[in-house]
Q: 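Handing you a structure now.
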Amino acid sequence: MEEQEEHEEHIEGQVIDEELDPERAARRQIALAQIRQYPDAALRMEARPVVDFDDELRSLVERMKLLMVDANGIGLAATQVGVLRRVFVFQRAEDEVAAIANPEIVERSEETEVSDEGCLSIQGITVPVERAFEVTIVGKDENGNDVRYELDNYSARCVQHETDHLDGVLFIDRLDRETRKAALRAIRQADWTSGGGGNGIGDGSAAAAAPQIKVSPHATFGQAR
C-alpha cells in the first residue's frame, strides 16, 4: 500500500510526473512527437463508435499502449493519435494497461475530488479539475469482449479524462473562467509552442491559434463554461 500511495502522488490526470533518466526522457520525446498536440484539430473532433473488432483495431490499441507507456502517461485516447475511433487505453494497475472501446460511464459517485490534472496533448500544464471520485465504466476490449470496471481515485479520473477526449473535450474546458485564462496563457508561453520560443513538437502554431472551448456532454459539477 505504501508503494502504491507513493506512486499515486506523482500522477496528474493523464501523466505520471517523475524524473526520468536520459534514455527514458528521449523515448518520451519520441512518443510525444507522435501524439497530437493542442490545438491540433483532431483533439476537437468527436470520435465514431468502433464497429469492427479486427486486426486493425488491435494494432491501433497496441501502438497506443506502447506510446502511452513511453510518454510516461496513464491514459491515451485514439483522437490523440489522429484516429477518430471511440477507443482509449489506460493504466488499470501498475503492470496492466487495458483498452476500452465504445466506453460509457454508467455510474458516478456523488463524491467529487478536485485534483491537479495534466494531458499528454498539453505538455507541462497542470490545473485543478473536479471529477467524480468513483465511476463505473462499461464497453468492450480490443477483441470485442464486454468489460466493466469499477474505479476510484486516479483511475476514475483517468477514464473520465479519456472519455472527454473521445467527445472532443479537453480538461481545460472544465475550468472556471479565470483558471482557464491562466491555463491558456501558460500554454501560449510553453516551450513547445512558438510563443515559448522553443522548437516544440508540431508546427508551432499553437500560440497563434484562438482557443476553442467545448462543452462536455458529461457531468461538469457546476464548473463555469
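All of these numbers come straight from a predicted model, not from anything done at the bench.
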Q: Is the gap between the ring centers of Phe90 and Tyr154 under 6.0 Å?
A: no

Q: Is it possible for you to say whether Val138 and Val135 belong to one hydrophobic cluster, with membership spreading through side-chain heavy-atom contacts below 4.5 Å?
A: no

Q: Can you sort out the partners of Thr136 under side chain to side chain contact (heavy atoms under 4.5 Å, CB included), two or more places apart, ordered by chain and number?
A: Val106, Glu107, Arg148, Glu150

Q: Using modelled atom types and a 3.5 Å cut-off, is there a donor and acceptor pairing between side-chain atoms of Asp52 and backbone atoms of Asp54?
A: no

Q: Identify whether the distance between the nearest side-chain nitrogen and carboxylate oxygen of Arg157 and Asp152 falls below 4.0 Å.
A: no

Q: Looking only at heavy atoms, which two atoms of Val89 and Ala99 are closest? And how far apart?
A: CG1-CB, 4.0 Å

Q: Does a side-chain heavy-atom distance below 4.5 Å link Arg86 with Glu46?
A: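 Arg86 vs Glu46: side chains touch.
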
Q: Taking all atoms of both residues into account, what is the closest heavy-atom pair of Ala132 and Ala156, and its distance?
A: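 The answer is O-CB, 4.2 Å.
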
Q: Say whether Val147 and Leu166 are linked into one hydrophobic cluster, either directly or through other cluster members, by side-chain heavy-atom distances under 4.5 angstrom.
A: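 Val147 and Leu166: one cluster.
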
Q: Any side-chain heavy atom of Leu67 within less than 4.5 Å of one from Leu32?
A: no

Q: Taking only residues at least two apart or on different chains, which pairs with a member in residues 29-40 satisfy salt bridge (Lys or Arg N to Asp or Glu O under 4.0 Å)?
A: Arg36-Asp40

Q: Taking atom CD as the centre, does Glu96 end up with more than 12 heavy-atom neighbours from other residues, nucleotides or ligands that are less than 6.0 angstrom away?
A: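 Enclosed.
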
Q: Of the non-hydrogen atoms in Ala71 and Ala31, which two are nearest, and what is the gap between them?
A: N-CB, 3.8 Å

Q: Does Asp70 form a side-chain contact (heavy atoms from CB on, under 4.5 Å) with Ile30? I'd like the steps, not just the answer.
A: CA-CA 8 Å; Asp70 282 350; Ile30 292 171; over 6 Å; no

Q: To the closest 0.5 Å, what do you measure between CD (Gln160) and CD (Glu130)?
A: 10.0 Å

Q: For residues Leu66 and Val87: do they belong to one hydrophobic cluster (side chain heavy atoms under 4.5 Å, members Ile, Leu, Val, Met, Phe, Trp, Tyr)?
A: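 Different clusters.
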
Q: Can we say Arg58 and Asp55 salt-bridge, meaning some charged N sits less than 4.0 Å from an Asp/Glu carboxylate O?
A: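 Yes, Arg58 and Asp55 are salt-bridged.
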
Q: Identify which one of Arg27, Arg24, Arg28 satisfies the side-chain hydrogen bond (donor to acceptor under 3.5 Å, both in side chains) criterion when paired with Asn72.
A: Arg24

Q: Could you tell me which non-hydrogen atom of Gly75 sits nearest to which non-hydrogen atom of Met68, and how far apart they are?
A: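 Closest heavy-atom pair between Gly75 and Met68: N-SD, 3.3 Å.
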
Q: Does the side chain of Ile100 come within less than 4.5 Å of Lys140's, by heavy atoms?
A: no

Q: Taking the side chain as C-beta and beyond, is there a heavy-atom pair between Ile122 and Leu170 under 4.5 Å?
A: yes

Q: Given Gln34 and Val81, is the side-chain contact (heavy atoms from CB on, under 4.5 Å) satisfied, shown in steps?
A: CA-CA 7 Å; Gln34 300 175 66; Val81 293; 6.0 Å; no

Q: Applying side-chain contact (heavy atoms from CB on, under 4.5 Å), run through Val114 and Val129 and close with a yes or a no.
A: CA-CA 5 Å; Val114 178; Val129 179; over 6 Å; no

Q: To the nearest 0.5 Å, tell me how far Gln189 CD sits from Ile187 CD1.
A: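 The CD atom of Gln189 sits 11.0 Å away from the CD1 atom of Ile187.
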
Q: Between Asp21 (side chain only) and Glu23 (backbone N and O only), is there a donor and an acceptor less than 3.5 Å apart?
A: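 Flag set: sc Asp21 to bb Glu23 pair under 3.5 Å.
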
Q: What heavy-atom pair brings Ile137 and Pro103 nearest, and what distance separates the two atoms?
A: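 Closest approach of Ile137 to Pro103, heavy atoms only: CD1-CB, 3.8 Å.
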
Q: If we check salt bridge (Lys or Arg N to Asp or Glu O under 4.0 Å) with Arg131, which of these qualifies: Glu117, Glu162, Glu113?
A: Glu117

Q: Quick one: are Val97 and Arg92 in side-chain contact, heavy atoms under 4.5 Å?
A: no

Q: Can you tell me how far CD of Gln91 sits from OG of Ser155, rounded to the nearest 0.5 angstrom?
A: 8.0 Å

Q: Answer yes or no: is there an ion pair linking Asp173 with Arg44, defined by an N-O contact shorter than 4.0 Å?
A: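 Between Arg44 and Asp173 there is a salt bridge, with a charged N closer than 4.0 Å to a carboxylate O.
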
Q: According to salt bridge (Lys or Arg N to Asp or Glu O under 4.0 Å), does anything in residues 71-80 pair up with another residue at least two apart or in another chain? List the pairs.
A: none

Q: Nearest 0.5 Å please: distance from the CD1 atom of Ile125 over to the OH atom of Tyr38.
A: 11.0 Å

Q: Taking atom types as modelled, find out whether Ser121 and Gln37 have a side-chain donor-acceptor pair closer than 3.5 angstrom.
A: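 No.
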
Q: Taking the side chain from Asn102 and the backbone from Val50, do they hold a donor-acceptor pair closer than 3.5 Å?
A: yes

Q: Do the side chains of Arg174 and Asp164 get close enough for a salt bridge, i.e. N-O under 4.0 angstrom?
A: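 Judged by the 4.0 Å cut-off on N to carboxylate O distance, Arg174 and Asp164 do form a salt bridge.
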
Q: Would you check if Asp116 and Val127 make a side-chain contact, meaning some heavy-atom pair closer than 4.5 Å?
A: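 They are not in contact (no side-chain heavy atoms under 4.5 Å apart), so the answer is no.
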
Q: Can you tell me how far apart CZ (Phe133) and CD (Glu110) are? Round to the nearest 0.5 Å.
A: 15.0 Å

Q: For residues Glu142 and Phe53, determine if any side-chain heavy atom of one lies less than 4.5 Å from a side-chain heavy atom of the other.
A: no

Q: Work out which heavy atom in Leu84 is nearest to a heavy atom in Ala42; give both atom names and the distance.
A: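 Looking at all heavy atoms of both residues, the closest pair is CD2-O, 4.3 Å.
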
Q: Would Val69 end up clustered with Leu60 when hydrophobic side chains under 4.5 Å apart are linked, directly or stepwise?
A: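 Shared cluster, yes.
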
Q: Flag the pair Arg48 / Arg85 as yes when at least one side-chain heavy-atom distance between them is below 4.5 Å, and no otherwise.
A: no

Q: Please test Val159 against Tyr149 for side-chain contact (heavy atoms from CB on, under 4.5 Å), starting from the C-alpha separation and ending with a verdict.
A: CA-CA 10 Å; Val159 299; Tyr149 297 113; over 6 Å; no

